[in-house]
Structures are given as structure tokens and as C-alpha cells.
Amino acid sequence: VIPASVRRFVAFVLVLAVASAPASLVAGLGGIALTGCGATQHQVAAGVIVSTGTLVGGIHRTHQQLYTAATDNLRARVQGADYDREVAPIDEAFRKRSRAIQALSSVLYAAAYLNDATPAEATPAARAAAARQVLEALRDVTQVLADGSVLPAVPIPPEVLAVENALVALAGGH
Amino acid sequence: MPPTTVDTEVVSILIRAVATIGEEVAIAILGAIKGGDVNTVEQLSKQLPDAEQIRLRDEALIASQRAKAHVGESAPT
């Protein structure tokens, strides 16, 4: 289930895009939840330019490696139906993280868009309000990735923490 | 043996993707996911958006790991 905060931020970005962006950008943003973070580089925080696709790709690889190690260890202990039963909570945690990583792709794009927004595109108050929404979405994602209760936590790259700090600044603190 | 069912979210992704990748490729991806063929899923799904590729690859990995736990069985129990 996609967290409510993620849904809200996606709705915000679409509204902002329709309201202020050129037609070509609006067309591109139509698929931001799915396509916005390919190989394009974005400045997502002061002094931090990242390829969101590369960043998300790295996190995804780590996420898969942690799952593979956990299930390899489980399979060394149990097989067949016993494996199916004991792997269920691991699979559930893995799927939850998988959805979080998809959301992260969108969150990073939204952060980049906010960072680049000019006063003509969004007033400081509007940008701060939007930054709070995106920040909440980002924290939802990182919370899922950092939850080590079933699978070991996925390390959060410093670039993501830099984005969080930038969003805190845009949101006016907190 | 790999599971005989696929997560409904994955089916939804493939249904949406049919217009982009065509019915044959969508069915091939579905078969690869069910078979846990991670590499084939990666190759065939390249036309899909990044986030959807992530979801499909992860489902294939789940099936792949599950299949390894059923080696020598005729069907999952």
C-alpha cells in the first residue's frame, strides 16, 4: 500500500506541474511516479547533484542482495513447504521495501523539481508547504528501508540524507 | 517448483504495459516471473518505467529463491 503522504505528494507535483510548467514538462511529469528518474541528473540539494536513477539503482541492488542472503540462509536450514512458510514474512518485508524504493524514485524527482522551482513557479509559502509533503514522503520511505526487524536495514546513502536536509530547509525547519 | 500464482500488483503492471510492450512480451514477462528467471525479466522489461521494472524484478527474485527451495519436488505443497 502506498503511504498517504506519497499519494499526496504525487498529487501536489502534478498540480504544480499543470499550474506552472511548460507543456513539454507537463507531458513528462505525467509519468513521474514511474519514469521521471531515468538517467537524468538533478540538483536535489545545495551542492548535491545526483543521478536519481543511479542512486535508486544502487539502493535496489543492496535491497536485493539482502533478500538473497536472507533467503539463502533460510534455504540452507529448511526446504519445500517449510521454506514457503518461513519465508512469508521475509517476502512481505521485501515487497514493502520494493514499493518504498519505487516511491523513492518519485520523491527524489519531486525534491529536485522543488529545488529548481523559481518564485514565478511557486511562492516561498507554496514551496515550503510542498516541501513538507515531500519530506514526509521521504521519511516514510527511509523508515521502511531502515526497518531491520525482518531483513537487515538498507543503508541510506548520504545523497538521500542531503536531500532530506535540503527539504527541511525548504520547509522552514523540522 | 516456482509458485503458480503471481502477485496481483504484478498482473496489474503487465496489463497496463500491454499497450507499450505488446501482448506477447507481456505474457513472456509473466512466464519469466513465474519461473523466477530474473535475467529474462530484466531484459524484456527494459521498455517499462524504472519503478515497474523494480517491482517485476523483485517478484522474479522471490520466485527464483522459492524455486531453489523446491528442487526435486514435482509441485509446491
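Sequence lines set the chain letters: A, B, ... in the order given, protein chains first and strands last, and positions in each chain run from 1. Keep in mind it's a predicted model, so treat the numbers as computed, not measured.
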| request: Could you list the residues that satisfy side chain to side chain contact (heavy atoms under 4.5 Å, CB included) with A/Val78, not counting sequence neighbours? | output: A/Leu74, A/Asp82, A/Tyr83, A/Glu86

| remark: salt bridge (Lys or Arg N to Asp or Glu O under 4.0 Å) pairs touching residues 36-47 of chain B, sequence neighbours excluded, are none

| query | Transitively linked via ILVMFWY side-chain contacts under 4.5 Å: B/Val11 with B/Val18? | reply | no

| said: Are B/Ile27 and B/Val10 linked, directly or through intermediate hydrophobic residues, by side-chain heavy-atom contacts shorter than 4.5 Å (ILVMFWY only)? | reply: no

| query | So what's closer than 4.5 Å to chain A heavy atoms on B/Gln53: side chain, backbone, both or neither? | reply | neither

| Nearest-0.5 Å distance, NE2 of residue B/His70 to CZ of residue A/Arg75 | 10.5 Å

| said: Could you walk me through whether A/Asp72 and B/Gln65 satisfy the side-chain hydrogen bond (donor to acceptor under 3.5 Å, both in side chains) test, starting with their C-alpha distance in whole Å, then the side-chain angles of each, then the deciding distance to 0.1 Å, before giving a yes or no? | reply: CA-CA 8 Å; A/Asp72 282 350; B/Gln65 292 295 88; 2.9 Å; yes

| Do you reckon A/Val144 sits in the same ILVMFWY cluster as A/Tyr67, going by side-chain contacts under 4.5 Å, direct or chained? | no

| Value rounded to 0.5 Å, distance of CD1 in B/Ile54 from CD1 in A/Ile101 | 6.0 Å

| message | Just verifying a value: how many Å separate A/His60 NE2 and B/Arg57 CZ, rounded to the nearest 0.5 Å? | response | 7.0 Å

| query | For B/Glu9, does the CD atom sit with more than 12 other heavy atoms under 6.0 Å from it, leaving out its own atoms? | reply | yes

| message | What's the separation between atom CG in B/Asp50 and atom OG in A/Ser106, rounded to the nearest 0.5 Å? | response | 10.0 Å

| query | Which atoms form the tightest heavy-atom contact between A/Gly80 and B/Glu73, and what is the distance? | reply | CA-OE2, 3.2 Å

| query | Less than 4.0 Å between a side-chain N and a carboxylate O, is that true for A/Arg95 and B/Asp58? | reply | no

| field | Sub-4.5 Å side-chain heavy-atom contact between B/Lys68 and A/Thr71 | value | no

| note | Nearest heavy-atom approach of B/Leu61 to A/Phe94 is CD2-CZ, 3.9 Å

